[in-house]
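Comments concern the structure below.
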Amino acid sequence: NKAAGARTRMALVTASVVMAVVILAFAGLVGYIAMPALAGLLMLIGYRTIKPGDLQSVWKTGATQKAVLVTTFALTMLIPLQYAVLAGVGLSVILHVVRQSNQVIVKRWLLDPDGQLIETDPPARLPAGEVIALQPYGSLFFAAAPVLESKLPVPAGASGNSVVILRLRGRAELGTTFLDVMRRYAQALAACSSKLVIVSAGERIQEQLRVTGVTDVVGAGNIYTGDERVGATLKRAYADAQTWIEETRPDAGLATP
């Protein structure tokens, strides 16, 4: 009514009276125009729903959005609308999972003599007698966990007496698949006389580590709680790891001649 120019509530009364008279006096004619009028209304709604600015924005966002847009539009021409929308949502979820799982990056953090952090690529194989501090970037949900596992330095027989520090600052929760990766990696490190250290773990993550058995493998003393000082926990864990390496060297108990 407002779009048609109505200004008062009398427009509703007038429209009701006119509709009642038309239906009672011209019922036969009304029967012919009901469906065409409904079709015209749906066409008008569809026209107003299409917003070229939004479509252009979605098209420029990325390849995933383009694929979802084109697929959903094509399906609306072939199958009922509700199924087309459902298929579009499902495709969007699948593409999001695939994209996020391929965007996991693992970097190694080094401490220079001045205490500054240097970011570089981690080694493919875990060297012996070194501290390897790792910072993962990206999502760590279930689909990304195997990708992360493939990027971790591989422990081998010559990788003894090393410490791998995994920094989890900013992570509020971890998935079960990622926790399984951490447990397997900690066991692989322990098998070659090395160990895994977890830093900047919040209360929720510590609880997850405890209930899934990761704490039993890693050791409660090797899980560091983060605080408001960015990098402070990592530096403390780094210093403790260097001390542990010095104390557990095969020749640590031999006297210097």
Side-chain angles (χ1 to χ4, degrees), residues 1-105 136-148 168-181 202-205 207-208 211-212:
N1 279 341
K2 184 178 180 181
R7 297 183 179 180
T8 66
R9 296 181 180 179
M10 284 302 298
L12 297 174
V13 178
T14 304
S16 301
V17 173
V18 172
M19 183 176 293
V21 172
V22 170
I23 292 177
L24 293 175
F26 307 101
L29 294 177
V30 171
Y32 288 109
I33 66 173
M35 293 304 295
L38 180 59
L41 178 62
L42 293 176
M43 293 173 64
L44 178 62
I45 294 174
Y47 173 77
R48 291 182 176 179
T49 302
I50 298 175
K51 299 178 180 179
D54 293 345
L55 292 175
Q56 186 178 12
S57 177
V58 172
W59 188 261
K60 292 181 178 180
T61 301
T64 301
Q65 288 72 18
K66 288 182 181 179
V68 174
L69 177 63
V70 172
T71 302
T72 304
F73 178 77
L75 289 177
T76 55
M77 302 293 103
L78 302 174
I79 61 177
L81 179 62
Q82 65 272 23
Y83 299 128
V85 173
L86 183 61
V89 172
L91 177 62
S92 178
V93 172
I94 294 173
L95 292 178
H96 175 74
V97 170
V98 173
R99 183 178 60 180
Q100 290 297 317
S101 64
N102 292 328
Q103 290 182 345
V104 178
I105 299 175
Y137 294 100
S139 177
L140 298 181
F141 71 118
F142 70 96
V147 179
L148 174 69
L168 298 177
R169 186 178 182 88
R171 308 288 177 177
E173 191 169 354
L174 301 175
T176 304
T177 306
F178 179 76
L179 292 170
D180 290 339
V181 169
E203 294 182 359
R204 174 57 180 165
I205 290 182
E207 180 184 357
Q208 290 184 305
V211 299
T212 55

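Numbers here simply count residues along the sequence, with the first being 1. Side chains included, hydrogens not; waters and symmetry mates left out as well; all remaining heavy atoms used.
- Partners of T212 according to the side chain to side chain contact (heavy atoms under 4.5 Å, CB included) rule, which considers only residues two or more places apart in sequence or in another chain, are L179, R183, V214.
- Between T176 atom OG1 and Q208 atom CD the span is 7.5 Å, to the nearest 0.5 Å.
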Pair up each side-chain donor or acceptor in residues 88-95 with any protein partner under 3.5 Å, not counting sequence neighbours, and list the distances.
none

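- For the atom pair CG (N1) and OG1 (T8), the distance works out to 9.5 Å, reported to the nearest 0.5 Å.
- More than 12 heavy atoms of other residues, nucleotides or ligands lie within 6.0 Å of CE in M77, so this atom counts as buried by the packing criterion.
- Rounding to the nearest 0.5 Å gives a distance of 12.0 Å between CG of L38 and CD1 of I33.
- At least one side-chain heavy atom of L168 sits less than 4.5 Å from a side-chain heavy atom of F178.
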Side chains of residues 10-24: which donor-acceptor pairs under 3.5 Å do they make with residues two or more places apart or in other chains?
| residue | atom | partner | partner atom | Å |
| --- | --- | --- | --- | --- |
| T14 | OG1 | M10 | O | 2.9 |
| S16 | OG | L12 | O | 2.8 |

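- Residues that satisfy the side chain to side chain contact (heavy atoms under 4.5 Å, CB included) test with A84, not counting sequence neighbours, are L75, T76, I79.
- Legend: residues meeting side chain to side chain contact (heavy atoms under 4.5 Å, CB included) with P36, ordered by chain and number and at least two apart, are absent.
- Under the rule for a side chain to side chain contact (heavy atoms under 4.5 Å, CB included), the partners of L44 that lie at least two apart in sequence or sit in another chain are R48.
- With a 6.0 Å radius and a threshold of 12 heavy atoms from other residues, nucleotides or ligands, Q56 has its CD atom at or below the threshold.
- A 6.0 Å sphere centred on OH of Y32 holds no more than 12 heavy atoms belonging to other residues, nucleotides or ligands.
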